[in-house]
Amino acid sequence: MTKRSGFYEQVWAWVRGIPKGKVVTYGQVATALGTPRAARAVGYAMYSVCDEDIPWHRVINSKGQISLGGQLARPELQRQLLVQEGVQFDHQGRIELKVYQWWPESH
DNA sequence: TCGGTGACGCGTT
DNA sequence: GAACGCGCCACCG
């Protein structure tokens, strides 16, 4: 299966392991995969994702806010999905990373 | 093979 | 604290 050929597969697999009610940053995923500088590639992977099994909405930027801007899905959709899982936003529409950020080694 | 693109991150102003 | 610019890595044509 030529699956490992895609860096995306690794990203999707890692993102799939994010527990409900928690969020992670692009740079964090890149770091977990061994490429802290590949945050952009991670964002690209999210753009390419089309599986509903992947909690792409749990991946946000280091600023704790949603960027997006494409037709794929509006920021309000991601915000709604996160709120539906119990994640709360500030008045500026930002997420408290120190509260909701999840670390696989942080257990 | 090469260039352009993109849901980012960090440093500086 | 916010905004701007450069650099980073991976994928597509």
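Residue numbers begin at 1 in each chain, while the letters A, B, ... track the order of the sequences. The structure presented is a predicted model; accordingly, all values stated were derived computationally and were not measured.
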Ignoring hydrogens and angles, write down the donor-acceptor pairs under 3.5 Å from the side chains of residues 15-27 of chain A, residues two or more places apart or on other chains.
residue : atom : partner : partner atom : Å
K22(A)  : NZ   : V99(A)  : O            : 3.3
T25(A)  : OG1  : Q28(A)  : N            : 3.1
Y26(A)  : OH   : V59(A)  : O            : 3.4

Can you pull every protein N or O that's under 3.5 Å from an N or O on nucleotides 2-4 of chain B?
none

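- Comparing dC10(B), dA7(B), dC9(C) against the side chain of S62(A) picks out dC10(B) as the nearest.
- Donor-acceptor pairing under 3.5 Å, judged by distance alone, is absent between the side chain of R37(A) and the base of dC9(C).
- Looking at every heavy atom in both residues, L97(A) comes nearest to S62(A) through CD1-O, 3.1 Å.
- Straight-line distance from the CD1 atom of I95(A) to the P atom of dA7(B): 18 Å, rounded to whole Å.
- Distances shown here put every side-chain N or O of T35(A) at or beyond 4.0 Å from the OP1 or OP2 atom of dC8(C).
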Scan nucleotides 11-13 of chain B against the protein and return all N/O pairs shorter than 3.5 Å with their distances rounded to 0.1 Å.
none

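- Against DNA chain C, the stretch residues 85-92 of chain A makes heavy-atom approaches under 4.0 Å through Q92(A).
- The two residues W14(A) and P104(A) make their nearest non-hydrogen contact at CZ2-CG, 3.6 Å.
- Note that the CG atom of L33(A) and the CZ atom of F7(A) stand 4.5 Å from one another [nearest 0.5 Å].
- The distance from atom CZ of R94(A) to atom CG of N61(A), rounded to the nearest 0.5 Å, is 9.5 Å.
- Smallest separation of non-hydrogen atoms from A45(A) and W12(A): O-NE1, 3.1 Å.
- Following rounding to the nearest Å, Y8(A) (OH) and dC9(C) (C1') show an atom-to-atom distance of 10 Å.
- Summary of the strand contacts: A41(A) and K63(A) both lie near DNA chain B, and taking for each the nucleotide with the nearest heavy atom, the more 5' one is attributed to A41(A).
- Distance CE (M46(A)) to P (dG9(B)): 13 Å, rounded to an integer number of Å.
- Using a 4.0 Å heavy-atom distance criterion, R79(A) is classed as making no nucleic acid contact.
- One atom, CG of N61(A), and another, P of dC8(C), lie 21 Å apart when rounded to the nearest Å.
- Atom P of nucleotide dA10(C) and atom CH2 of W12(A) are separated by 15 Å, given to the nearest angstrom.
- At a threshold of 4.5 Å between non-hydrogen side-chain atoms, the residues Q65(A) and F89(A) do not count as touching.
- For residues 35-45 of chain A, the set of pairs meeting the side-chain hydrogen bond (donor to acceptor under 3.5 Å, both in side chains) definition, not counting sequence neighbours, is empty.
- Remark: P of dG1(C) and CD of Q65(A) are 15 Å apart, rounded to the nearest angstrom.
- Protein atom CZ of F7(A) is 11 Å distant from nucleotide atom P of dC9(C), rounded to whole Å.
- In this structure, R40(A) atom CZ and dC8(C) atom P are separated by 11 Å, rounded to whole Å.
- Residues A39(A) and A30(A) share a closest heavy-atom pair of N-CB, 3.7 Å.
- Judged as a side chain to side chain donor-acceptor pair (under 3.5 Å), and not counting sequence neighbours, the contacts of E85(A) are H57(A), R58(A).
- The distance from atom CD1 of I60(A) to atom CE of M46(A), rounded to the nearest 0.5 Å, is 13.0 Å.
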